[in-house]
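In this chain, residues are counted from 1 in sequence order.
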Amino acid sequence: MSENISSEFPNTFYVNDILCTRNLCPGNQVYGEALYKIKGEEYRSWDPNRSKLAALILKGCKFLPITPTTDVLYLGAANGTTASHVSDIATLGKIFCVEFSARAFKDLLKVADTRNNMYPILEDVFYPVRYGPLVGKVDVLYQDISQRDQLRAFIINARNFLKPHSHGILMIKSRSIDITKAPKQIFKEIITQLNDQGFKILEQHTLEPYTKDHLGIIIKSSV
Ligand SMILES: C[S@@+](CC[C@H](N)C(=O)[O-])C[C@H]1O[C@@H](n2cnc3c(N)ncnc32)[C@H](O)[C@@H]1O
């Protein structure tokens with residue numbers, strides 16, 4: 001079979017229409033994803049049902065702020081599924097992965113062990129002062145924590161760690177904020193609050209059919 005490869009964003013590819021990243025760690029799978037060997041390179045399929053960032057790309061996002069040289073602060077890295085794809089993209093950057101569940105962190109450590117650009121941090125994202133000295137300033141803040149107070153976590157981390165005029169990707173889970181309110185209403189309130197806090201909304205996409213009641217937002221910091 002002859003493979004057809006196309007590329008939309010740096011280090012992301014479509015292999016026969018399947019979204020992939022080039023494997024930074026050839027031969028290794030992170031979550032049982034398919035691997036494709038093509039002309040000496042290995043590509044990992046990126047499952048939008050397992051990764052909200054893949055879902056955001058497939059929902060038509062036009063600008064992905066993560067490039068090969070980007071330093072990323074990733075809040076809510078869990079067991080490293082999405083973080084591993086970010087690591088495939090930002091090959092020359094650093095990905096600081098904050099996670100507070102000891103169980104997920106154990107898996108995250110295994111993933112980071114095989115990748116030289118992932119830095120796992122066992123911490124609570126509501127206490128940035130504790131991991132500040134490890135992180136410094138970053139180009140992109142990525143957050144996916146499914147907590148009631150998720151917007152506050154994003155804002156305090158953006159204030160602490162984002163370089164001026166840089167970008168954030170925020171995955172909002174409406175049901176974690178208020179299960180009684182319509183997701184649309186919650187998304188509207190979050191967008192208003194982000195604007196009020198000086199973040200410019202570049203893009204917003206709901207993540208259906210991959211994930212229910214989620215909004216993926218790409219912001220640019222105005223300071
Ligand atoms: C939806 S999962 C993240 C999935 C992951 N982003 C991925 O795509 O591979 C949310 C994660 O956020 C973590 N989390 C929630 N609140 C947190 C906090 N205050 N500090 C650190 N991690 C937190 C949870 O333990 C969980 O692993």
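- D213 approaches P183 most closely through the heavy-atom pair OD1-CG, 3.4 Å.
- Close placement of the Y131 and F161 rings is indicated, their centers lying within 6.0 Å of each other.
- A distance of 10.5 Å separates CG of N195 from NZ of K200, quoted to the nearest 0.5 Å.
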Residues N117, S87; criterion side chain to side chain donor-acceptor pair (under 3.5 Å); working and verdict: CA-CA 6 Å; N117 60 355; S87 146; 2.9 Å; yes
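- Remark: the backbone N or O of K173 is paired with a side-chain donor or acceptor of Q150 at under 3.5 angstrom.
- Within a 6.0 Å radius of NZ in K188, other residues, nucleotides and ligands contribute 12 heavy atoms or fewer.
- A heavy-atom distance below 4.5 Å is found between the side chains of I145 and F126.
- Under a hydrophobic clustering in which Ile, Leu, Val, Met, Phe, Trp and Tyr are joined whenever their side-chain heavy atoms come within less than 4.5 Å, directly or via other members, L53 and Y14 fall into the same cluster.
- A heavy-atom distance below 4.5 Å is found between the side chains of Y36 and I18.
- Going from atom OG1 of T67 over to atom CZ of F9 covers 12.5 Å, rounded to the nearest 0.5 Å.
- Separating the NE2 atom in H214 from the OG atom in S174 is a distance of 8.0 Å, to the nearest 0.5 Å.
- Within the 4.5 Å cutoff, the side chain of I169 has heavy atoms near those of the P65 side chain.
- The minimum heavy-atom distance linking N11 with P68 is given by the pair ND2-CG, 3.8 Å.
- Contact check for S45 versus E33: side-chain heavy atoms found under the 4.5 Å cut-off.
- The line from CZ of F154 to CD1 of I219 is 4.0 Å long, rounded to the nearest 0.5 Å.
- K94 and D71 are not joined by a salt bridge, as no carboxylate oxygen comes within less than 4.0 angstrom of a charged side-chain nitrogen.
- One N or O on the side chain of N157 and one on the backbone of V125 form a donor-acceptor pair closer than 3.5 Å.
- Side-chain atoms of Q147 never come within 3.5 Å of backbone atoms of D149 as a donor-acceptor pair (strictly under, hydrogens ignored).
- Hydrophobic cluster membership differs between L207 and F187, with clusters built from Ile, Leu, Val, Met, Phe, Trp and Tyr side chains linked at under 4.5 angstrom.
- Closest of all the heavy-atom pairs between T69 and D139 is O-OD2, 4.1 Å.
- Residues satisfying the ring-ring contact (aromatic ring centres under 6.0 Å, His included) criterion with H167, sequence neighbours excluded, are F63.
- With a 6.0 Å radius and a threshold of 12 heavy atoms from other residues, nucleotides or ligands, K137 has its NZ atom above the threshold.
- Ring pair Y142/Y74: centre-to-centre distance below 6.0 Å.
- The shortest side-chain heavy-atom distance between F199 and L170 does not fall under the 4.5 Å cut-off.
- The main-chain N or O of E208 is found under 3.5 Å from a side-chain atom of K59 such that the two form a donor-acceptor pair.
- L75 and I177 end up in the same hydrophobic cluster when Ile, Leu, Val, Met, Phe, Trp and Tyr side chains are linked at under 4.5 Å.
- Residue L56 forms a side chain to side chain contact (heavy atoms under 4.5 Å, CB included) with just one option from Q204, H205, E203, and that option is H205.
- Residues I155 and V140 do not share a hydrophobic cluster, clusters being chains of Ile/Leu/Val/Met/Phe/Trp/Tyr side chains in contact below 4.5 Å.
- The shortest distance between side-chain heavy atoms of L108 and C97 falls below 4.5 Å.
- Using a 4.5 Å cut-off on side-chain heavy atoms (C-beta onward), I89 and L64 make contact.
- Residues W46 and I38 do not share a hydrophobic cluster, defined by chaining ILVMFWY side chains whose heavy atoms lie under 4.5 Å apart.
- Considering only heavy atoms from C-beta on, D107 stays 4.5 Å or farther from V111 through its side chain.
- N23 places no side-chain N or O within donor-acceptor distance of the main-chain N or O of Y43, the cut-off being under 3.5 Å.
- A salt bridge links K181 to E189: one of the charged nitrogens lies within less than 4.0 Å of a carboxylate oxygen.
- Of the options I186, D196, I217, a side chain to side chain contact (heavy atoms under 4.5 Å, CB included) to I191 is made by I217 and by none of the others.
- A salt bridge is defined here as a Lys NZ or Arg NE, NH1 or NH2 lying under 4.0 Å from an Asp or Glu carboxylate O, and D88 with R115 meets this definition.
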Residues 77-85 side chain polar contacts: donor-acceptor under 3.5 Å, at least two apart:
unit_1 : atom_1 : unit_2 : atom_2 : d
N79    : OD1    : T81    : OG1    : 3.4
T82    : OG1    : S51    : OG     : 2.8
S84    : OG     : R44    : NH1    : 3.4
S84    : OG     : R44    : NH2    : 2.8
S84    : OG     : G80    : O      : 3.2
S84    : OG     : T81    : O      : 2.7
H85    : ND1    : T21    : OG1    : 2.8
H85    : NE2    : Y31    : OH     : 2.7

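- Residue-environment remark: OH (Y127) stays at or below the threshold of 12 foreign heavy atoms within 6.0 Å.
- Surrounding NZ of K37 are more than 12 heavy atoms belonging to other residues, nucleotides or ligands, all under 6.0 Å away.
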